[in-house]
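Chain naming here is simple, since letters A, B, ... match the order of the sequence lines and numbering starts at 1 in each. Only a predicted model underlies this, so the values are computations on that prediction, with no experimental measurement involved.
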2 protein chains.
Amino acid sequence: MQMTVHEAPLSAPNCGNCQIRHRAVCARCETDELEALDSIKFYRSFEAGQTLLWSGDRMDFVASVVSGVATLTQVMEDGRTQTVGLLFPSDFVGRPGRDKAPYNVIATTDLLMCCFRKKPFEELMGRTPHIGQRLLEMTLDELDAAREWMLLLGRKTAREKIASLLAIVARREASLHLKVPQGRMIFDLPLTREAMADYLGLTLETVSRQMSALKRDGIIVLEGKRHVVVPSFDRLLEEAGDDADGGLVG
Amino acid sequence: MQMTVHEAPLSAPNCGNCQIRHRAVCARCETDELEALDSIKFYRSFEAGQTLLWSGDRMDFVASVVSGVATLTQVMEDGRTQTVGLLFPSDFVGRPGRDKAPYNVIATTDLLMCCFRKKPFEELMGRTPHIGQRLLEMTLDELDAAREWMLLLGRKTAREKIASLLAIVARREASLHLKVPQGRMIFDLPLTREAMADYLGLTLETVSRQMSALKRDGIIVLEGKRHVVVPSFDRLLEEAGDDADGGLVG
DNA sequence: TGCATTCTTTGATCTGGGTCAATGTGGCAA
DNA sequence: TTGCCACATTGACCCAGATCAAAGAATGCA
């Protein structure tokens, strides 16, 4: 499927020409490979809330996120929903060698994707080993992140879950924007309370309550619903219940 | 680390020479590549309960399971434990390009592993593209399995969790042993109640209770603690709460 | 043959987070 | 400027699964 797709400006922000602030498949490419990538890429933009792909859809491209945030989500027949991955700028989605999307892909903010047509991308992979290596590396990172999340889903309390999510978002958002000294961090949540709940295996009410509790306890300062200030990142990590925080998400 | 390692018989069951009942890295290898694999492989056997690797250990080999079952397990500082992967015969463990084990690897039954020394394995990978492809494929399978499990951990009830686990074990064990007609399945659980609990994000008491409940309801027949008969596999899948059961584990 | 150990089952009780319901809030459209 | 709508918070109550505790198997070993 594909819903109304907004054409993106032609001169999209540093993608394809590898001005890597987004680490992508082309991290180590030479000029000719970059040209090859350029020739098979196109941009797509989506609005917050749009579903880019439904589970089972044919997927004829692979892509990396240029800006915005998307989720990978699984839904049971009775509607129970679990988000299984968060995509931030520079994250990759799609799998060479497979042609069906295994989950719903949903934009949780306005989103710009840099897409590569799959067939030619696979051909390029065939003659450029390091792209395959990079992909394996990225997939292993995602696997580690998924397994980290399994620990969270299976064993952490609601408060720890929220703190863990905030820590991950803080890391990812902070890496994009300004850094503030002394472990202080400021960012906007790219997720609604419901989307947070779906990622954490909670209800949105519990998310809301725990957010309030963290606020009451001074772990975070909320300005509006989405804007978060973390006075001490270390303190937040303590609440998250693990210091060995892998926390790479995909 | 490495604990007491029992030397395995030299003529180990069809591994390395690719008599594939265990799909492994060498699924499509030619004679010379097989010889190369042969020259860098060795066998290790472990007893039920032994920890093969501790999280953070240097891992100088990659391996595939010949017989027996192992788990990949994460532990929080306070002891809370979550199993993040189950390894059955033919499953692969280890990651080229990385040298530390990211989880504890524990034998839950007596276990025989076919190991390949990592350095030469990576070199072989370098000059044999399809091994890398195969590895990417396997890693994507594991990722799918991990994400399937995230849905289970985040959204399924205790009964559904148990049924899902039984279904997966039944599939994997049944693929090794005889097939019984008409959806009837018979197998031995390769896990203690506690190991099941760690994989499902439950306590062992809840596992025990739900096993009793499934037995009471005729979904399974228990003979002893480990031997399970599933009169109707379809019925079991219904209890698991998903028909779209990916259920590949690793 | 007996007893010790490890794994498992079962019961009684407690509680974190779910459910149901009402109320608050901020942004936008008319 | 009002009123709507989507999102968020808060409260009251409940229940699935955790916790605490006590018996059963099954196995091995002296």
Side-chain angles (χ1 to χ4, degrees), chain A residues 47-50 76 78-82 106 108-110 152-166 188-217 220-228 239 241, chain B residues 47-50 76 78-82 106 108-110 152-166 188-217 220-228 239 241:
Chain A
E47 287 174 8
Q50 249 188 309
M76 293 173 68
D78 61 5
R80 279 177 283 175
T81 297
Q82 179 66 46
I106 303 170
T108 65
T109 66
D110 290 344
L152 175 143
L153 290 171
R155 295 302 186 196
K156 287 191 179 178
T157 64
R159 169 181 265 244
E160 288 169 334
K161 287 179 175 182
I162 299 283
S164 301
L165 178 57
L166 290 174
D188 284 323
L189 272 172
L191 302 172
T192 63
R193 298 290 184 266
E194 188 181 21
M196 292 172 70
D198 284 343
Y199 196 25
L200 298 170
L202 299 171
T203 59
L204 66 91
E205 292 94 331
T206 297
V207 170
S208 185
R209 272 188 256 273
Q210 295 299 334
M211 289 288 284
S212 300
L214 290 175
K215 180 175 154 188
R216 168 171 44 69
D217 299 344
I220 58 173
V221 180
L222 277 174
E223 287 160 13
K225 298 167 175 182
R226 297 295 192 92
H227 195 71
V228 180
E239 294 293 339
Chain B
E47 286 175 8
Q50 247 189 311
M76 294 172 68
D78 61 5
R80 280 177 283 175
T81 298
Q82 179 65 47
I106 303 169
T108 64
T109 67
D110 289 344
L152 174 144
L153 290 171
R155 296 303 187 195
K156 287 192 179 178
T157 63
R159 169 182 267 244
E160 288 169 334
K161 287 178 174 183
I162 299 284
S164 300
L165 178 57
L166 290 173
D188 283 322
L189 270 172
L191 302 172
T192 64
R193 298 291 184 263
E194 187 181 22
M196 292 173 71
D198 284 342
Y199 196 26
L200 298 170
L202 299 171
T203 59
L204 68 91
E205 293 93 331
T206 298
V207 170
S208 183
R209 271 187 255 275
Q210 294 298 334
M211 290 288 286
S212 299
L214 289 174
K215 180 175 156 188
R216 170 173 40 72
D217 299 345
I220 57 174
V221 180
L222 277 174
E223 285 161 13
K225 298 166 178 185
R226 297 297 193 91
H227 195 72
V228 180
E239 294 292 339

Should the side chain of A:Glu194 and the base of D:dC7 be counted as holding a donor-acceptor pair, with the cut-off at 3.5 Å? no
I'd like to know if B:Arg209 reaches the base of D:dT19 with its side chain, counting only an N/O donor and acceptor under 3.5 Å. yes
For [X] and [N], what is the distance between atoms [atom1] and [atom2] respectively, to the nearest whole Å?
| X | N | atom1 | atom2 | value |
| --- | --- | --- | --- | --- |
| B:Asp78 | D:dA18 | CG | C1' | 15 Å |
| B:Arg193 | D:dG24 | CZ | P | 19 Å |
| A:Met211 | C:dG17 | CE | C1' | 17 Å |
| B:Leu222 | C:dC7 | CG | P | 18 Å |
| A:Leu202 | D:dG17 | CG | P | 15 Å |
| A:Lys156 | C:dG16 | NZ | P | 18 Å |

On DNA chain C, does the nearest nucleotide to B:Arg226 precede the nearest nucleotide to A:Arg159 from the 5' side, or the other way round? Give the residue. B:Arg226
Of A:Gly224 and A:Glu205, whose closest DNA chain C nucleotide lies nearer the 5' terminus? A:Glu205
So A:Gly201, base contact, sugar-phosphate only, or nothing? Heavy-atom distance under 4.0 Å. sugar-phosphate
Checking contacts here: which listed nucleotide (C:dG17, C:dT25, C:dT9) is nearest the side-chain heavy atoms of A:Lys225? C:dT25
Quick one: are B:Leu189 and B:Met211 in side-chain contact, heavy atoms under 4.5 Å? yes
So, do B:Val228 and B:Leu222 sit near enough that their side-chain heavy atoms are less than 4.5 Å apart? yes
Using side-chain contact (heavy atoms from CB on, under 4.5 Å) as the criterion, list what pairs up with A:Thr157, not counting sequence neighbours. A:Arg159, A:Glu160, B:Arg80
Does C:dG17 have its OP1 or OP2 closer than 4.0 Å to a side-chain nitrogen or oxygen of A:Thr203? no
Does B:Ser208 put a side-chain nitrogen or oxygen below 4.0 Å from OP1 or OP2 of C:dT10? no
